[in-house]
Amino acid sequence: MTILQLSRWAICIVIACPLAFGGDPASHPAANNHAQPEVALTFDDLPAHGPLPPGLTREDIANSIIKALQSAQAPPIYGFVNAKRLEEDPSTVQVLQLWRDAGFPLGNHTFSHMDLNKNSVDAFERDLLADEPTLQKFMGDRDWHWLRFPFLNEGDTPEKHHAIAAFLKDHGYRVAEVTLSFGDYGYNEPYARCLAKNDGKAIEELKQNYLEGAAESLAEGQKMSTLVYGRDIKHVMLLHIGGFETVMLPRLLDLLKQRGFKLISLPEAESDPAYAVDPDLSSNWGGTFLQQMMLAKHIPPLPPTEDRLARVDVLCR
Ligand SMILES: [Zn+2]
């Protein structure tokens with residue numbers, strides 16, 4: 001050790017500097033607070049979600065979402081499939097084809113969008129398995145073993161929760177968790193109504209409300225992450241393949257950019273060690289992963305925020 005190194009050690013002992021010798025910032029817990037926030041976007045309810053706004057087809061919606069994601073240089077984005085919709089409208093198969101042609105993967109959202117909390121574990125397992133032929137067909141030898149629970153309901157009793165967790169493990173599935181959700185699904189019906197009435201003022205209100213909700217959700221997710229983990233974990237955002245995303249997704253992507261978020265894939269996000277521990281809650285309430293963790297760790301919930309969906313639900317009636 002040279003005299004220079006010795007003197008640096010001495011300084012470090014006095015002021016406890018961890019990086020004096022070029023240490024890895026990632027190995028220092030406090031450094032994570034300054035790391036770039038990361039988020040995996042995910043889309044539920046492929047191939048069809050919500051009412052079709054006048055003048056749009058399901059293919060138009062898929063094309064618009066894919067184009068916006070590609071313009072933002074997004075990594076492969078998971079879309080979660082309810083194959084029953086293909087039986088109801090066979091033409092929507094094009095949506096899955098477009099998603100795959102863009103190089104985006106598909107995952108399981110159950111065949112019929114079944115609510116585990118309102119059905120038996122057996123029925124849920126059959127519904128989940130019924131989605132698999134479609135995933136196999138479109139994904140080939142690529143991995144599609146990710147489940148997004150419909151309504152984020154993971155079982156209303158410990159028995160159901162543990163039974164489905166064991167089933168998923170046996171079948172090689174991982175749960176596509178959600179840390180950021182702002183009810184984007186709630187804007188599609190008012191948007192279709194307001195567009196049909198050509199009510200531009202109400203549509204502007206919808207846009208404003210959506211962006212405020214998204215911004216609030218980012219801030220809350222980051223805050224809950226810090227409360228639970230002492231750092232900002234890699235996030236997963238829940239979105240839906242609905243008509244209003246054709247208007248809002250580019251704006252949402254701009255917002256994420258402004259807030260410094262880097263777009264990552266779902267497997268990258270869930271490589272964060274935070275996801276290795278199941279909150280192991282069973283309840284009637286399908287909260288996000290972070291909300292469940294707050295509850296499991298007895299951390300008081302954040303103060304309630306305005307019910308934005310109630311405000312938009314009354315528009316253009
Ligand atoms: Zn869904």
Side-chain angles (χ1 to χ4, degrees), residues 39-53 58 61-62 65-66 69 77-89 92-93 95-96 99 104-119 123-132 134-135 138-139 144-156 160-161 164 168 173-192 210 213-214 217 235-246 248-249 252 266 269-270 283-289 291-292 309 312-313:
V39 62
L41 305 184
T42 57
F43 284 81
D44 280 16
D45 300 359
L46 271 65
H49 171 85
L52 267 181
R58 295 292 171 195
I61 293 172
I65 288 173
I66 290 166
L69 292 170
I77 298 291
Y78 265 87
F80 291 93
V81 175
N82 306 120
K84 190 178 184 187
R85 304 286 101 81
L86 301 172
E87 287 183 356
E88 294 162 357
D89 180 357
T92 58
V93 75
V95 169
L96 303 190
W99 203 262
F104 293 173
L106 300 170
N108 202 324
H109 196 35
T110 75
F111 181 75
S112 70
H113 207 272
M114 185 174 277
D115 184 345
L116 175 58
N117 289 5
K118 292 181 179 161
N119 290 276
F124 187 86
E125 288 172 0
R126 280 197 301 276
D127 205 60
L128 182 151
L129 293 173
D131 213 38
E132 290 191 343
T134 301
L135 298 172
F138 282 91
M139 288 292 284
W144 43 265
H145 287 85
W146 286 88
L147 172 69
R148 168 67 46 72
F149 279 100
F151 312 101
L152 304 185
N153 280 341
E154 302 185 21
D156 54 334
K160 281 171 83 171
H161 183 68
I164 201 65
L168 293 175
Y173 276 91
R174 289 198 67 188
V175 176
E177 302 285 4
V178 171
T179 65
L180 302 170
S181 170
F182 57 96
D184 75 309
Y185 57 86
Y187 295 82
N188 294 305
E189 282 194 29
Y191 176 60
Y210 174 110
S217 150
H235 289 277
V236 181
M237 181 181 275
L238 168 61
L239 297 166
H240 295 77
I241 190 160
F244 199 42
E245 295 301 2
T246 62
M248 296 311 295
L249 185 57
L252 176 64
L266 177 65
E270 293 208 18
S283 70
N284 270 320
W285 166 72
T288 67
F289 180 73
Q291 287 169 328
Q292 292 180 37
L309 296 188
V312 300
D313 192 47

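For this chain, numbers begin at 1 and follow the sequence in order. Atoms within a ligand are numbered from 1 in the order they appear, just like the ligands themselves.
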- Below 4.5 Å, heavy atoms only, C-beta onward: do Leu106 and Tyr78 meet side chain to side chain? no
- Task: Inspect the surroundings of CD in Glu189 and state if more than 12 heavy atoms from other residues, nucleotides or ligands are less than 6.0 Å away.
- Result: no
- Message: Could you check whether atom CZ of Phe111 has more than 12 heavy atoms from other residues, nucleotides or ligands sitting under 6.0 Å from it?
- Response: yes
- Look at His109 and state whether any of its N, O or S atoms is less than 2.8 Å from the Zn ion (ligand 1). yes
- Message: Taking 2.8 Å as the cut-off, does His240 contribute an N, O or S atom near the Zn ion (ligand 1), distance below it?
- Response: no
- Message: Please give the atom name: the N, O or S atom of Asp45 nearest to the Zn ion (ligand 1).
- Response: OD1
- Among His49, His240, His113, find the one that has a side chain to side chain contact (heavy atoms under 4.5 Å, CB included) with Asp44. His240
